[in-house]
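Please read the structure below before turning to the comments.
In the text below, chain A, chain B and the rest are named by the order of the sequence lines, each starting its count at 1. Just so it is clear, the values below take in all heavy atoms, side chains as well, and ignore hydrogens, waters and symmetry mates.
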Number of protein chains: 2
Amino acid sequence: MTKARVTVIDIAKAAGVSKSTVSLVLQGSSLVNEATRAKVNAVMRDLGYVYNRGAANLRQAGAKSRIIGVVVNDLTNSFFAELAVGVDMVVQSAGFVQFLSNTGESIDRQREVVASMREHGISGLIVSPARATDAADFKPLVAAGIPVVVVVRNLPGAKVSSIVSDNRAGMVSAVKHLAGLGHKRIAFLGGFPDTAVFDDRLAGYRNGLEAAGLDYHEELVISSAPSRAGGVEAIGKAIALGRRPTAAVCFNDAVAFGVCDGLRARRLEPGADFAVVGFDDVIEAQAAVPALTTVSVDPQGIGRRGAQMLLKQINAGKAEAETVTTAVRLVVRESCGAGKTAPAMGRQERKIETGR
Amino acid sequence: MTKARVTVIDIAKAAGVSKSTVSLVLQGSSLVNEATRAKVNAVMRDLGYVYNRGAANLRQAGAKSRIIGVVVNDLTNSFFAELAVGVDMVVQSAGFVQFLSNTGESIDRQREVVASMREHGISGLIVSPARATDAADFKPLVAAGIPVVVVVRNLPGAKVSSIVSDNRAGMVSAVKHLAGLGHKRIAFLGGFPDTAVFDDRLAGYRNGLEAAGLDYHEELVISSAPSRAGGVEAIGKAIALGRRPTAAVCFNDAVAFGVCDGLRARRLEPGADFAVVGFDDVIEAQAAVPALTTVSVDPQGIGRRGAQMLLKQINAGKAEAETVTTAVRLVVRESCGAGKTAPAMGRQERKIETGR
DNA sequence: ATAAATATTTGGAACGTTCCAATTATGTCA
DNA sequence: TGACATAATTGGAACGTTCCAAATATTTAT
């Protein structure tokens with residue numbers, strides 16, 4: 001087990017050139033003679049040289065660490081896992097490396113990991129902020145010239161780029177679809193009212209009602225935790241209503257699954273007795289029974305898009321804050337009562353699952 | 001937008017001490033006077049100082065980067081996402097940061113990301129190797145004193161620590177359970193025969209048959225890609241057999257889902273007409289219909305365990321290669337025909353899903 | 001053959017930190 | 001008070017790289 005690190009000086013010595021030349025070779029400079037380059041490369045291979053990015057980075061003083069930080073609030077949720085995969089794809093092929101951390105919705109943890117990433121000299125950050133993140137939290141980063149892209153949830157007031165899905169349009173299409181199926185009383189279930197995403201989706205719900213010529217009834221909006229348990233709770237309240245709804249759009253798929261659970265607990269079959277549509281199209285949505293009608297948002301695409309945006313800013317050297325909202329589409333399956341999927345083989349996989 | 005970085009020298013100047021003192025404060029040394037420490041800290045806060053780990057790391061020459069690399073072969077698979085979460089948990093609370101990369105089963109990508117991580121000076125690596133990874137691939141790392149822990153898949157011949165689930169025992173219990181249900185012809189479906197994991201699981205299958213007093217029939221072992229599609233293919237072959245099996249243990253959950261698909265395509269209801277059990281207990285397993293009976297391996301636990309192991313080695317400074325196999329347990333649900341779950345509310349969530 | 005141009009190589013100095021040995025301040029004991 | 005121990009501080013040197021200005025080698029044109 002060799003103890004000493006191999007440095008450019010060792011290489012230089014062994015190849016009979018100066019360290020500067022070795023450095024030039026490292027950077028692929030065209031200044032160096034072809035023969036020298038070959039020899040240096042050979043020696044590097046022989047001695048098992050590994051480049052020390054830390055040292056290089058120190059000298060260059062610029063933000064050329066080639067590390068980009070990714071912070072998500074729940075990696076366990078396949079939505080975010082996919083997002084991370086999307087980011088990794090473009091980041092990797094651009095020769096960057098990704099720092100990935102999970103906050104589990106904890107603001108403190110988020111602060112910690114962001115600080116840590118900063119110490120490590122990330123050249124950019126992609127973050128899906130934890131709930132109730134202060135918009136000012138990322139101020140120091142951008143002030144230091146480190147581009148930040150906020151994804152999935154937007155951060156009103158923060159002067160950073162962001163990329164969110166078109167929550168409003170998604171809800172509009174969901175509501176219109178239900179209305180088209182003949183539903184007159186459509187509830188909006190789940191989600192915490194204090195978030196920007198909630199506001200957007202609720203606005204979409206109202207727009208959708210309007211477009212379908214239906215009235216908005218305040219009692220049909222029932223918020224809850226954006227989780228499966230929250231869904232159970234919300235549908236419970238909805239059913240207890242005097243004039244109960246016959247359909248619901250849900251804040252997200254987790255809520256929708258909970259709503260299905262709650263319906264079954266009351267001997268109602270989702271799809272047949274009550275129409276439910278979700279939002280996100282998480283991976284489980286198509287495999288569930290009944291398969292969930294939901295608004296597909298392509299998290300991997302968001303990840304890719306966000307990463308591209310970030311890289312662009314890194315390369316440009318200046319962080320021009322831009323906001324993009326990505327298209328979204330309703331995928332009709334069974335839970336809204338409209339799907340007529342064949343019982344077997346009919347469902348096709350969106351992507352190949354690789355086992356392990 | 002301030003251009004210049006704040007360094008310890010700036011702090012020193014502003015606080016009226018020397019850079020050495022500032023450094024001492026940074027390291028929490030007890031040598032420095034309480035008053036001085038307070039002042040320095042105050043100044044650091046005022047000037048918005050951020051520690052430059054790169055520089056520190058350079059000086060210390062040791063592997064104290066506090067970065068640990070994590071490489072998985074399919075982040076999209078919730079199994080690995082959970083694993084990463086487990087790793088992140090312990091790594092984060094130990095004050096480390098995780099580099100996460102996805103190889104998508106590509107050996108080249110794996111080589112690339114590992115090289116890149118090494119350049120960045122990771123202090124340790126946790127890897128779930130891509131298929132057909134050469135055991136020698138990690139030799140240089142351990143030679144350089146960088147501990148490596150291989151998870152999920154083992155790498156025979158590599159002198160690194162590894163942690164895999166008890167594949168054999170898992171299969172034994174699955175087979176015994178099916179035999180206890182009265183099945184006499186139990187197939188083993190899916191998986192590529194050239195992997196160590198396959199061998200282990202197959203061995204468990206044989207042991208299980210033996211323990212149940214059943215004969216082993218070669219034609220009942222049908223390999224295929226370890227994916228949903230592979231499962232469809234395998235069950236097709238199984239059903240075409242002269243004396244067809246009445247139950248199957250599958251290489252993993254993805255295969256099991258495929259087997260269910262294939263059964264339905266032939267108007268057979270999984271659980272009722274044919275018993276199927278999976279392996280892994282991926283997150284979708286309990287939500288599927290029928291809920292999948294499977295062998296639970298707790299990927300998050302493996303992640304945590306692996307991270308602990310790695311940290312131990314990092315701290316010890318020496319990489320004592322150890323191998324641990326983690327316990328596994330059969331969770332009986334509906335797909336084996338034994339489950340009698342109440343139709344509603346009966347299924348309980350293993351964990352709370354947080355929406356977004 | 002020589003000047004001018006071009007191609008290639010090269011020693012420092014710097015980046016921001018930590019470590020070491022050495023220095024200065026403070027306290028204690030006789 | 002002096003001598004000594006102890007507490008606190010400090011100025012370089014080093015880590016492995018890149019950059020710069022300058023030096024040397026090679027061509028080309030005359």
Item checked: By salt bridge (Lys or Arg N to Asp or Glu O under 4.0 Å) - contacts of B:Asp137 (at least two apart) -> B:Arg111
Tell me, which pairs form a salt bridge (charged side-chain N to carboxylate O under 4.0 Å, His left out) where one or both residues lie in [range], sequence neighbours left out?
range                       : value
residues 11-35 of chain A   : A:Glu34-A:Arg37
residues 44-54 of chain A   : A:Arg53-B:Glu119
residues 301-316 of chain B : B:Lys312-B:Glu322

Check: In B/S/- notation, 5' to 3', how is nucleotides 7-14 of chain C contacted by protein heavy atoms closer than 4.0 Å?
Finding: -SBBBBBB
Starting at atom [atom1] of [X], determine the distance to atom [atom2] of [N], rounded to an integer number of angstrom.
X        : N      : atom1 : atom2 : value
B:Tyr51  : C:dT17 : OH    : C1'   : 7 Å
B:Leu58  : C:dT18 : CG    : P     : 11 Å
B:Arg118 : D:dG16 : CZ    : P     : 14 Å
A:Glu119 : C:dT17 : CD    : P     : 10 Å
B:Asp10  : C:dG16 : CG    : C1'   : 10 Å

Determine: side-chain N/O of [X] to OP1/OP2 of [N], distance under 4.0 Å, yes or no.
X       : N      : answer
A:Gln27 : D:dC19 : yes
B:Ser23 : C:dT18 : yes
B:Gln60 : D:dC15 : no

Checklist line | Any residue meeting side chain to side chain donor-acceptor pair (under 3.5 Å) with B:Asn52, in chain and number order, not counting sequence neighbours | finding: none
Check: Does the pair A:Arg153/A:Glu105 count as a salt bridge with the N-to-O cut at 4.0 Å?
Finding: yes
Margin query: Using five pairs at each end of the helix from C:dA1-D:dT30 to C:dA30-D:dT1 to define an axis, what is the angle between those two axes, to 10°?
Written below: 40°
Note to self: Tell me every residue that passes ring pair (Phe, Tyr, Trp, His ring centres under 6.0 Å) with A:Phe99, counting only those two or more places apart in sequence or in another chain.
What the structure shows: A:His120, B:Phe99
Notebook entry, point to check: Under the side chain to side chain contact (heavy atoms under 4.5 Å, CB included) test, which residues partner A:Val6, sequence neighbours left out?
Noted result: A:Asp10, A:Ile11, A:Leu47, A:Tyr49
Item checked: B:Thr103 to B:Arg109 - nearest heavy-atom pair and separation -> O-CD, 3.6 Å
